[in-house]
Structures are given as structure tokens and as C-alpha cells.
There are 2 protein chains.
Amino acid sequence: MSEIADTVGLRKSSLFHHFRTKAEMYAAVVNRILGEVELELTRSLAKGGTAVERLDRWVDALIDLMVRTPAHSRLMLRSLFEDDELSGALPEQREADERLERIILQARNVLRDGMAQGEIRAANIPHTIQSLIGITIYHFASGDLGNEIIGTSIFAPKEVERRKQEVKAFLHHGLVTNSATDEHR
Amino acid sequence: MSEIADTVGLRKSSLFHHFRTKAEMYAAVVNRILGEVELELTRSLAKGGTAVERLDRWVDALIDLMVRTPAHSRLMLRSLFEDDELSGALPEQREADERLERIILQARNVLRDGMAQGEIRAANIPHTIQSLIGITIYHFASGDLGNEIIGTSIFAPKEVERRKQEVKAFLHHGLVTNSATDEHR
DNA sequence: GCAAAGCTCGACCGATCGGTCGGTTGGCAA
DNA sequence: TTGCCAACCGACCGATCGGTCGAGCTTTGC
């Protein structure tokens, strides 16, 4: 809290004038970020097109969001997999949970539509959503390890563009070349 | 440290007889876990077969590891994306880093071999590794959110089996049905 | 049988943490 | 001009944190 106060040009005790507890402040930050995410992802889907086109735009939009403020991706991942240490029924936290639920529901719908139209393979939708999260958010939250694996900064514009292409190529083609060879056994 | 001491039937001060600092203990735990991971993943690759077969076994082995002790997946993800808060040049930490490097090198080699043989599409190898980590480790570290998305416990044996199949199907086929339709523009 | 080494513990420490409180300031409405 | 209130601050607090220390107990080696 002292560090935060310093960086915003206040003293610690002043922060407690705006947020009653640290947890409330944290929830407000997460909620605000999720608000941006919901807005942008909704926009990306609203432009219409086939399910695959919408999914591609969804991925691009999510990656753009992660890149816009690198710290956000870390915070997102943390808030996703850290079971709310305080599980508190804070209103901001409840609101954030609802936002997250709506975001996931939208992704679910895109996949469902695509499968109904035959554009998307009949995969298990919840698992696919988990995979999408893992592929997009984890990558930009992977910090030092990610930079080491990739070789340059994962946030370098050129590398971000490459990530977008690789993710979409992964979604479109998988990894294995000849899809016919694996259904043996 | 008190909680750890309680769960192992000691007092806090006794822990400091075995580990000089908390950071050293943490590094030792991570190192031990990475040791198991390295061992199992190396075994999964040593059995031979085509690159795709080895990759499939690698995924199965990694998922088995995440499931064996649920807490490990959380710890793994944390240790991966948290930039070593103490960056300390602790010997255990250095050793863990080297283990991680060898694990990643092995995955890199499988992908390289598969591409050389034409079994695997010519994708960007580092990005593909990041995707593999995201798909496997994130899922089992996703805690409450994961359970909510999936609908049941992500660690339920049936659900774990489904995850293995979904991940491998993803690797083999991607998501989009007709790979020919997307190379327009 | 005895000393050394290994292990455990309670008591204690300084630092830091989240948070409180009383009081000052500045702007604005009446 | 006055009164009010949001914003801000310094001083302070109890709790907890990681860690130390010396005194006992137990095991090992010879």
C-alpha cells in the first residue's frame, strides 16, 4: 500500500480514504480491468461474420488487451487462478465475477455457433475455452520464462504479431500435418 | 512457516534448522517437484516411436504429473510466471532453472524432429511450447474458475481423461474443420 | 560409556504489514 | 462570510512475518 501510494503521489493513509481495505482496492482494480476486457471482447464479436472469423477476431482482441498493459496479463492470470484469498462477498468482486461469467458465456456461444454451422470441429466446449485461456493469457503472463523460451521480449510488437498468427494457425490446423494418420489403434 | 511446521509436526524454529531461509525452502520444494517432472517427461520420450507418438505421451505424462498432486500444478504455474521474487542465486534455484531448461529443450527437440520428418506442421517452435504449457499446466492450475467452466472438478478422473483426449485432439486437428477455407484474403 | 553431532523447542527480536485516528487544508455552496 | 466536506496527512497501533539464540533431548560413532 505504501508503494502504491508513492507511485500515485499520495500517502498510505490517504488510500484508505478511497478504499476501505486493501482487498476492496484490489477487487476494484480487477473489476476495472475486466470491464475493459468485456467491452473489447464484446466489440470483437459484434462485428459479425462467420463463427471462425469472430473467433479469430476474439483472439486478436484478447491478445491486444494483454499487450496494451503488460502488467494486466499478470494480474488477470493471478486473479483467475488464485482462488480469492478472501473470497469476500465484496460488491466489486461479485461484479467482476459476473463480468467474467459473461465473457466466458460469449466465448461459449461462438464455439457453439461454429459447431452448429459445421465450421468448428465438435470439441468439448468448456475444455476448449480453458485451452483458449491457456494459450492467450498464460503466454503474456509468463514473464521471464516466456522471454527465455521465445528468445526476445514477448511484448515486442513483432513477436506479438507472430503470436497472433501462431495461435490462429494452431486453432485452424492443429499441429499434426496429416489428420488421417492418427485415428489408428 | 508456522503453518508448514504444524502440518509436518514441528515448530517453526525447527524448520530453520533444515532450511536457512524461507526462500531456500521454497526453492528446494520447487526443485524437487521439477525433478519428478523431468524424470517422468524424460521417460515418456525415451520409449521411442514417431515424433507425434512421443508428443502424445509427453502430454499424457505431463497431465498425469499435474494430477498426481493437485497442489503441484498451482506451484508449477506460480514458479513459472512469478519472476523469482528474490532472484537469489540460491543453488537450489539454479538447479531448478537448469532442470526447466532441459525439460524445454526436450520438448523443443521432439517438435523439431517431428517437423523434420514432416509429421508436424512447420510451426514456430518456441510459441508452440508456450502453447503446450498453457494448455496443460494452466488448466490444472485454474482452480475454482476451471471447475466452474468445466462444470465438475477438473481433477475428477473422468474429467482428467477427457482433458487428455481434448488436448491431443486439439494438437491433431486444431479447431476448424475445413483447413482449406481459411487461407483466403 | 561418553562425547560429539543432530534435532527440537520456547522465548524472543526487529521489521513490516494493513489499518486507525485526530487534525489540517482547500474549494465550494449558501 | 461562514459552514461544510472531501481529500490528505503524520503519528501511531496491534498483529504477523521471517528469523535468531541458547538450552535441552536424542541419536550416532568410537
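Small disclaimer: the values here were computed from a predicted structure and weren't measured.
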Charged N to carboxylate O under 4.0 angstrom, Arg68(B) versus Glu36(B)? yes
Check the pair Phe140(A), Phe155(A) against ring-ring contact (aromatic ring centres under 6.0 Å, His included), reporting the backbone distance first and the verdict last. CA-CA 8 Å; Phe140(A) 289 103; Phe155(A) 289 105; 5.7 Å; yes
What's the separation between atom CG in Leu55(A) and atom CG in Asp113(A), rounded to the nearest 0.5 Å? 11.5 Å
Over all strands shown, is Ser2(B) touching base, sugar-phosphate only, or nothing at heavy-atom distances under 4.0 angstrom? nothing
So, OP1 or OP2 of dC7(C): does either fall under 4.0 Å of a side-chain N or O from Ser14(B)? no
Flag the pair Leu45(B) / Arg57(B) as yes when at least one side-chain heavy-atom distance between them is below 4.5 Å, and no otherwise. no
Is it the case that the side chain of Ser14(A) and the backbone of Leu10(A) share a donor-acceptor pair, with hydrogens and angles ignored and the cut-off at 3.5 Å? no
Would you indicate whether Arg32(B), at its atom CZ, is surrounded by more than 12 heavy atoms from other residues, nucleotides or ligands within a distance under 6.0 Å? no
NE2 of His17(B) versus P of dG10(C): gap in Å, rounded? 16 Å
Distance, rounded to the nearest Å, where His18(B) contributes NE2 and dG6(C) contributes C1': 9 Å
Compute the bend angle of the helix from dG1(C)-dC30(D) to dA30(C)-dT1(D) from the end axes (five pairs per end), rounded to 10°. 10°
Using the rule side chain to side chain donor-acceptor pair (under 3.5 Å), only one of His139(A), Arg163(A), Glu166(A) pairs with Ser131(B); which is it? Arg163(A)
Outermost contacting nts on DNA chain D, any atom under 4.0 Å from chain A heavy atoms, listed 5' then 3', are dA6(D) to dG10(D)
When you match Ser13(A) and Glu3(A) each to their closest nucleotide on DNA chain C, which lands nearer the 5' end? Glu3(A)
Between Lys12(A) and Asp6(A), does at least one N-O distance fall below 4.0 Å, as a salt bridge requires? no
